[in-house]
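Quick notes on the structure that follows.
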Amino acid sequence: MKLNDNYKNLNESYLFSTIAKKVNDFIKTNPDKEVIKLGIGDVTLPLCSEVIKEMHKAVDEMANKETFKGYGPEQGYDFLKQSIKEYYEKKNVSLELNEIFVSDGAKSDLGNFLDLFDKENVVLIPDPVYPVYVDTNIMDGRKIIYANANEENKFLPMPDSSIHADLIYLCSPNNPTGAVYDREQLEKWVQYANDNDAIILFDAAYECFISDSSLPRSIYEIEGAKKCAIEFCSFSKTAGFTGVRCGYTIVPFDLKDDNKINKMWLRRQTTKFNGVSYIVQKAASAVFTSEGQKQIKENLNYYKENAKTICETLDKLGIKYTGGKHSPYIWLKCPNAMNSWEFFDLMLYKLALVGTPGEGFGENGKNWFRLTSFNTIEKTREAMERVYDYFK
Ligand code: MLT
């Protein structure tokens with residue numbers, strides 16, 4: 001018996017588990033302190049009523065002999081795929097139903113998709129970025145090269161034609177920096193991927209936070225992207241499904257010759273995955289009705305209001321940041337040249353506030369810190385009062 005030695009190359013625990021442990025230890029030893037969490041990007045508003053109504057109906061169907069469902073199609077029910085297809089039509093992107101794969105979330109698909117790629121592929125990952133891209137490739141032992149995201153390029157690194165990569169991760173709006181690629185920038189990435197016969201793994205989990213219609217919300221808004229990109233999306237941040245679990249991945253037929261990757265992904269999913277529950281898929285389909293869209297927008301606006309509160313506080317204090325406008329994340333430069341773990345400790349031990357140290361997202365995040373807008377309005381205001389009083 002031989003274990004996968006690549007695991008030795010990982011940090012001892014996943015970023016958010018390390019933070020949760022530190023925070024729980026603090027809470028145990030400081031039971032009188034009210035800790036406010038602006039750390040992991042987990043939502044606080046409940047599911048909207050349209051979703052709940054559909055979910056209840058689906059539960060009742062499962063209680064009835066005539067409407068009960070057993071195994072569903074591994075790729076997802078047509079009713080949900082049809083709603084996703086129509087959602088993309090509004091972005092002027094036309095998809096076939098079988099290019100859409102419903103899953104239990106973007107994180108699992110981002111990791112699972114690597115089953116399809118040889119270990120010899122060179123992977124290009126922006127630094128800083130969502131740690132799952134790096135960790136899942138380390139687990140497989142792939143060579144990773146980094147694209148520097150920094151203050152100079154506004155955390156939006158661009159391709160370098162002198163460097164070859166086979167797999168490229170892009171996340172826009174970006175986790176953790178909140179930076180968003182514009183059309184021209186994405187065109188350059190698509191061009192680079194097609195020139196290099198590479199594949200872009202495009203994480204669009206935060207697309208619904210984009211409020212400027214000139215910014216692309218899907219990579220398929222860019223010509224040529226169906227030849228080189230897979231898009232991962234999720235209901236977690238859009239509709240509060242972090243605990244319910246549902247997402248979808250688009251694998252275009254045009255991606256490489258002979259519909260090869262779509263077929264491989266179908267083969268992989270039919271073998272290793274039994275699909276998302278009918279109840280959850282019914283709930284997810286309610287997100288796309290006109291009432292569902294209206295209700296989730298109200299929730300998104302609530303979080304945007306929190307982002308505004310955070311940005312205004314940082315503006316008053318003269319602290320530099322990115323994000324917040326088209327993203328639930330605010331990425332700030334740690335005051336007084338502190339490193340991000342020092343700043344994490346200061347926030348936790350002095351102010352009872354939790355954020356995420358930038359270093360957890362990569363080397364380039366070592367003097368940066370991420371706050372989320374997903375807490376309640378009251379707690380976000382209280383948190384920002386604590387920050388303002390301490391740093392003013
Ligand atoms: C985050 O805080 O970066 C996200 O919640 C992580 C995730 O979506 O898995």
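In each ligand, atom 1 is the first atom listed, and ligand 1 is the first ligand listed.
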Inset, instruction - May I ask you to check if Lys282 and Phe79 form a cation-pi contact, with NZ or CZ under 6.0 angstrom from the six-membered ring centre and within 45° of the axis? - result: yes
Inset, instruction - Kindly state whether the ring of Phe101 and the ring of Tyr248 have centres lying under 6.0 angstrom apart. - result: no
Legend entry - Contact (N/O only, under 3.5 Å) between Phe361 and ligand 1: no
Legend entry - Heavy-atom nearest neighbour in the protein, as seen from atom 5 (O) of ligand 1, with distance rounded to 0.1 Å: Lys237 NZ, 2.9 Å
Inset, instruction - Give the ring-plane orientation class for Phe391 versus Phe343, where under 30° counts as parallel, over 60° as perpendicular and anything between as tilted. - result: tilted
Legend entry - Per-atom contacts, ligand 1 versus Phe16 - under 4.0 Å to a heavy atom: 1 (C), 2 (O), 3 (O)
Inset, instruction - Run the salt-bridge test on Lys366 and Glu363 with the 4.0 Å N-O cut-off and return the result as yes or no. - result: yes
Inset, instruction - Could you tell me whether Phe374 approaches ligand 1 through its side chain, its backbone, both or neither, with non-hydrogen atoms closer than 4.0 Å? - result: neither
Inset, instruction - Check if Asp42 has a non-hydrogen atom at a distance under 4.0 Å from any atom of ligand 1. - result: no
Legend entry - For ligand 1, the portion of Val132 having any non-hydrogen atom under 4.0 Å away: neither
Legend entry - Parallel, tilted or perpendicular, as decided by the 30° and 60° cut-offs, for the rings of Tyr206 and Phe209: tilted
Inset, instruction - Any atoms of ligand 1 less than 4.0 Å from a non-hydrogen atom of Gly41? List them with their elements. - result: 1 (C), 2 (O), 5 (O)
Legend entry - Residue and atom name of the nearest protein heavy atom (relative to atom 6 (C) of ligand 1), distance in Å to one decimal: Tyr130 CE1, 3.5 Å
Legend entry - Test of proximity, Lys107 against ligand 1: N or O pairs below 3.5 Å: no
Inset, instruction - Indicate yes or no: does Lys256 engage Asp197 in a salt bridge with an N to O separation below 4.0 Å. - result: yes
Legend entry - Sub-4.0 Å atoms of ligand 1 with respect to non-hydrogen atoms of Asn175: 1 (C), 3 (O)
Legend entry - Plane angle bin for Tyr220 and Tyr88 - parallel if under 30°, tilted between 30 and 60°, otherwise perpendicular: tilted
Legend entry - Proximal atoms of ligand 1 relative to Ile40 (non-hydrogen, under 4.0 Å): 2 (O), 5 (O)
Inset, instruction - Inspect the contact between Asp118 and Arg142 and indicate whether a charged nitrogen and a carboxylate oxygen are less than 4.0 angstrom apart. - result: no
